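Worksheet: one structure, shown below.
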Amino acid sequence: MKNQKTWVAVILLGTVAVNTGAYLVVRSRRAAQSPVPSELPVARPVPSTPASPPPAGVVAASDEAKAGLARARRASGLAALEDRDYARAVEEFTAVIDLGQDPLGDMGDLLRIATDLRSREQARAAKAPAQRESPPSKPAPRTRAARLAAARAQAREQQQAAEPEVARGGLLLVTSTPPGLVVLVDGRAVDMTPARLPVSAGSHRVVLAQGDRHLYSETVEVDEDAVRSLNRDLTAELAPAAARPTPPAPAPVVTTATAPAPTARSPEAAPPPEPSVAKAAVAQGPRLGDLEVSSPGLYGEVWINNRPYGFPPVSALALPAGPARLEVRVNGEVKRRMTVEVEPGRSTRVRVR
């Protein structure tokens with residue numbers, strides 16, 4: 001019995017050894033038939049090509065097209081204000097702001113004025129039908145006291161209707177190109193363009209001025225509870241002022257006195273000036289120079305020595321040599337201030353940033 005168990009164990013162990021050997025042989029043959037590559041492929045990153053920026057000419061052309069479209073829509077909005085089409089004016093001014101453009105720096109004021117006028121017109125239109133509706137008929141009073149009260153109320157209404165009504169005023173809308181001009185109504189400065197001015201009904205004298213210069217004047221008629229628009233392009237009137245030279249001061253005239261005869265000359269008389277002294281006196285006349293001002297980043301009115309010269313680029317001619325006070329004002333407020341040295345007989349260029 002013991003011998004049988006031993007042989008069974010030997011047979012089982014032999015079978016396991018044979019199967020293991022056969023498995024190893026088959027595995028080695030398969031490995032020999034499929035060679036393993038010496039190096040595994042390495043994934044190389046593909047260099048990303050940076051997106052090339054658009055050419056400078058294309059960008060400049062796009063900006064110029066947007067600026068031109070903004071100017072056109074601004075002019076269309078101003079025309080809509082004159083036609084009292086306030087809804088279209090709001091649409092045009094909003095489109096200019098959506099373009100990211102503000103050609104003359106007055107889009108915010110124009111949009112606010114157009115929005116106010118549109119709201120006023122809508123409220124007026126909503127109020128008109130309610131006024132046209134006839135009041136409900138009241139039942140006839142039955143008692144004597146009620147009849148007396150109704151008679152007194154009717155007499156009071158008739159008396160109020162007979163009294164003269166107080167004249168209601170209107171609105172005066174004044175815009176200009178460029179903006180920032182002073183608006184004078186009946187000789188009194190009231191605001192700067194663009195301006196929305198409540199005035200009394202009747203005739204008013206409106207003047208657009210820049211400093212002490214009156215650029216435009218007109219007498220306008222404003223009706224009761226109405227809007228009167230006044231829009232003027234004064235670019236041409238402002239351009240000559242920038243290039244108008246300051247007249248130079250006359251050179252001093254040096255006169256030489258004729259020497260009296262030797263017999264008549266008194267001992268106290270001064271001798272006549274030498275020719276070299278006279279030439280030096282003439283050469284010491286006022287020295288003048290020119291000043292050219294540009295402001296690409298700030299659009300405002302240029303003032304030199306407390307005098308307006310218009311909007312840049314500005315060429316101020318025949319200025320006194322020496323330090324000159326230069327200011328750039330936007331809607332009357334000084335945004336840049338500097339002192340520039342004007343060289344005699346030369347043109348000095350200044351770039352305001």
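For the numbers below, each heavy atom of this structure counts, side chains included, while hydrogens, waters and symmetry mates do not. The structure displayed is predicted, hence computed values, not measured ones.
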Tell me every residue that passes side chain to side chain contact (heavy atoms under 4.5 Å, CB included) with Ala189, counting only those two or more places apart in sequence or in another chain.
Val182, Leu184
Do the side chain of Thr193 and the main chain of Leu181 share a donor and acceptor less than 3.5 angstrom apart?
yes
Share the residues that join Phe93 in a hydrophobic cluster, the rule being Ile, Leu, Val, Met, Phe, Trp or Tyr side chains under 4.5 Å apart at the heavy-atom level.
Leu78, Leu81, Tyr86, Val90, Val96, Ile97, Met107, Leu110, Leu111, Ile113, Leu117, Leu171, Leu173, Val227
Run the side chain to side chain contact (heavy atoms under 4.5 Å, CB included) test against Val334 and tell me which residues pass, sequence neighbours left out.
Glu327, Arg329, Arg337
Only distances under 3.5 Å count here; give the side-chain donor-acceptor pairs of residues 343-350 to other protein atoms, sequence neighbours excluded, each with its distance to 0.1 Å.
| unit_1 | atom_1 | unit_2 | atom_2 | d |
| --- | --- | --- | --- | --- |
| Glu343 | OE1 | Arg346 | NH1 | 2.9 |
| Ser347 | OG | Glu292 | OE2 | 3.2 |
| Arg349 | NE | Glu292 | OE1 | 3.4 |

Donor-acceptor pairs are to be reported for all side-chain atoms of residues 11-19 against protein atoms at under 3.5 Å, with residues two or more places apart or in another chain.
| unit_1 | atom_1 | unit_2 | atom_2 | d |
| --- | --- | --- | --- | --- |
| Thr15 | OG1 | Ile11 | O | 2.9 |
| Asn19 | ND2 | Thr15 | O | 3.3 |

Using side-chain hydrogen bond (donor to acceptor under 3.5 Å, both in side chains) as the criterion, list what pairs up with Thr219, not counting sequence neighbours.
Arg205
Among the clusters formed by ILVMFWY side chains lying less than 4.5 Å apart, do Leu208 and Leu104 turn up in the same one?
yes
Among residues at least two apart in sequence or on other chains, which ones pass side chain to side chain contact (heavy atoms under 4.5 Å, CB included) with Glu301?
Gln210, Trp303, Pro308, Phe311
Applying side-chain hydrogen bond (donor to acceptor under 3.5 Å, both in side chains), name anything that partners Asp85, two or more places apart in sequence or on another chain.
Arg88
Are the side chain of Asp233 and the backbone N or O of Thr235 linked by a donor-acceptor pair below 3.5 Å?
yes
Return the set of residues passing salt bridge (charged side-chain N to carboxylate O under 4.0 Å, His left out) with Arg120 (not counting sequence neighbours), or none when no residue passes.
Asp225
With sequence neighbours excluded, residues passing side-chain hydrogen bond (donor to acceptor under 3.5 Å, both in side chains) with Asp106
Arg74
Grouping ILVMFWY residues whenever side-chain heavy atoms fall under 4.5 Å, the cluster of Leu99 otherwise contains Leu69
Mind checking what makes side chain to side chain contact (heavy atoms under 4.5 Å, CB included) contact with Glu221, not counting sequence neighbours?
Ser203, Asp223
